[in-house]
Amino acid sequence: MKNKPIYVEIPINAPVEKVWEMSQDPHLHEQWDLRFTSITYLPKTSDDDPQSFRYETKYGFIKVAGWGESVGTHHKKDGSKTSSLHFGTDQKISPISEGRGYWRYIPTEKGTTFLTQYGYDVRYGGFGRLIDSVFRPLMGWATALSFDVLKQWIEKGEQPRSQYMRLFTSTMLAILFFFVWVYQGLVPKIIAGHPEEVSMLSALSSLDGMAAVKGVQIIGVFEILFGAVWLLYRKKRHLHALQMFVFPILTILAVKSDPSISIHPFNPVTFNASLWVLSIIGFLLSKDLPTASRCKRKRKDVAA
């Protein structure tokens, strides 16, 4: 069974010539495309020869190098441009053996529709196809994310490195808040039923005894659910904004229930203040984060 090719399309508010330059110049291309660490054009013997190039992709300690060539570039009368590619690698560590695809630039009233479609053969037979069932969606996501980074670089002027750093930082903050909420809900409230948690709830409500213990457990469940939201909800800026409002309230309630806790080591005042500042940082960083979701991932009837 033949694998479905990867298709990605995005509108960019810029003329075709600008998008062409930012994607065809290897020095510019390697800055925004997450799939490549470096791209080097090789000398041509004549202007009519295909443009050959070498590429490298690094994933931590793993480096994959490959070859490619632009086998057919033509300009159409309607102003659109198409660049057809042939690529591959001889390195056995890569699931990709060889592939083909194209980039197309279609002029519109608001700028350019930039799209790509490509497919590739995998090595190692059935085992390779099993690996590719995970690898191919990742390649599609990386392509779409890279297209949005290019879009924001062209439209808003933010460098790709800055966009990726903001995305990485925002992702780390989301993982941190997921851990904090799940841990605080699960360990001290549900598993341990910590006496301080119970006493704080008792001081702030009319609950006492087992009712307060049950109340703390219920709060713990809601905290775990809110932690899960940090992994599932895409618009992290909304969650940061909510926490900017919630953490000061939680701090006031904690001190109100027991003023002496404010002098404890690692107490709720310093803990919540730290999380409040991180929420502010996350709120500022998460504005207009690059995302693969802005791209169309299903092909319509477009001739290559």
Side-chain angles (χ1 to χ4, degrees), residues 60 134 137-138 141 145 148 162-294:
V134 176
L138 287 176
W141 171 82
L145 178 64
D148 193 53
S162 172
Q163 294 186 57
Y164 283 123
M165 285 299 296
R166 287 198 301 114
L167 180 61
F168 175 78
T169 304
S170 181
T171 301
M172 291 298 99
L173 285 175
I175 294 173
L176 170 66
F177 285 126
F178 161 75
F179 171 75
V180 167
W181 285 109
V182 170
Y183 187 92
Q184 289 297 320
L186 182 63
V187 177
K189 293 182 176 64
I190 294 179
I191 295 178
H194 199 282
E196 284 193 7
E197 296 280 359
V198 177
S199 64
M200 281 194 292
L201 182 60
S202 298
L204 294 171
S205 67
S206 58
L207 299 177
D208 201 2
M210 287 303 299
V213 173
K214 290 292 184 182
V216 166
Q217 292 175 344
I218 292 172
I219 293 173
V221 170
F222 280 105
E223 288 184 349
I224 292 172
L225 292 175
F226 186 66
V229 169
W230 272 100
L231 296 184
L232 302 175
Y233 188 60
R234 290 182 178 180
K235 297 181 180 180
K236 300 295 191 291
R237 203 162 194 252
H238 295 170
L239 301 179
H240 286 300
L242 177 60
Q243 290 190 159
M244 288 164 59
F245 175 76
V246 167
F247 282 128
I249 294 176
L250 293 178
T251 305
I252 293 171
L253 292 175
V255 174
K256 182 180 178 181
S257 66
D258 183 5
S260 68
I261 65 171
S262 61
I263 61 174
H264 291 180
F266 299 103
N267 61 74
V269 176
T270 55
F271 178 69
N272 289 344
S274 300
L275 296 179
W276 181 66
V277 171
L278 288 175
S279 296
I280 295 174
I281 294 172
F283 179 81
L284 297 174
L285 289 176
S286 59
K287 182 179 181 181
D288 296 328
L289 282 177
T291 173
S293 63
R294 291 195 183 97

According to ring pair (Phe, Tyr, Trp, His ring centres under 6.0 Å), who are the partners of Phe168, at least two apart in sequence or on a separate chain?
none
Output all residues satisfying ring pair (Phe, Tyr, Trp, His ring centres under 6.0 Å) with Phe247, sequence neighbours left out; order by chain, then residue number.
Trp181
Starting at [atom1] of [X], measure out to [atom2] of [Y] and round the result to the nearest 0.5 Å.
X: Gln243; Y: Leu250; atom1: CD; atom2: CG; result: 9.5 Å
X: Thr169; Y: Leu284; atom1: OG1; atom2: CG; result: 12.5 Å
X: Ile252; Y: Asn272; atom1: CD1; atom2: CG; result: 10.5 Å
X: Leu186; Y: Ile191; atom1: CG; atom2: CD1; result: 4.0 Å
X: Ile219; Y: Lys214; atom1: CD1; atom2: NZ; result: 14.0 Å
X: Asp258; Y: Leu253; atom1: CG; atom2: CG; result: 13.0 Å

Considering non-hydrogen atoms only, spot the tightest contact between [X] and [Y] and give its length.
X: Val216; Y: Glu197; value: CG2-O, 3.6 Å
X: Ala212; Y: Val198; value: CB-CG1, 3.7 Å
X: Gly227; Y: Val182; value: CA-CG2, 4.1 Å
X: Arg234; Y: Ser293; value: NH1-CB, 3.4 Å
X: Ala203; Y: Ser257; value: CB-O, 3.7 Å
X: Ile261; Y: Pro268; value: CD1-CG, 3.7 Å

Aromatic ring proximity His240/Trp276, centre distance under 6.0 Å
no
Ignoring hydrogens and geometry, is there a side-chain-to-backbone donor-acceptor pair from [X] to [Y] under 3.5 Å?
X: Asp148; Y: Ala292; value: no
X: Thr270; Y: Phe266; value: no
X: Arg166; Y: Leu285; value: yes

Applying side-chain contact (heavy atoms from CB on, under 4.5 Å) to Leu167 and Leu145, what does each step give before you reach the verdict?
CA-CA 11 Å; Leu167 180 61; Leu145 178 64; 3.8 Å; yes
Could you check whether atom [atom1] of [X] has more than 12 heavy atoms from other residues, nucleotides or ligands sitting under 6.0 Å from it?
X: Met165; atom1: CE; value: no
X: Phe222; atom1: CZ; value: no
X: Ile263; atom1: CD1; value: no

For Ser286 and Leu289, what are the C-alpha separation, side-chain angles and deciding distance, and is it a side-chain contact (heavy atoms from CB on, under 4.5 Å)?
CA-CA 5 Å; Ser286 59; Leu289 282 177; 3.9 Å; yes
Using 30° and 60° as the class boundaries, would you call the ring planes of Tyr183 and Phe179 parallel, tilted or perpendicular?
tilted
Below 4.5 Å, heavy atoms only, C-beta onward: do [X] and [Y] meet side chain to side chain?
X: Phe177; Y: Leu231; value: no
X: Ile280; Y: Met244; value: yes
X: Val229; Y: Phe178; value: no
X: Ile190; Y: Ile224; value: yes

With side-chain contact (heavy atoms from CB on, under 4.5 Å) as the test, would you mind laying out the steps for Glu223 and Lys189 before giving the verdict?
CA-CA 10 Å; Glu223 288 184 349; Lys189 293 182 176 64; 3.2 Å; yes
Step-by-step side-chain contact (heavy atoms from CB on, under 4.5 Å) determination, Leu242 to Phe226
CA-CA 11 Å; Leu242 177 60; Phe226 186 66; 3.8 Å; yes
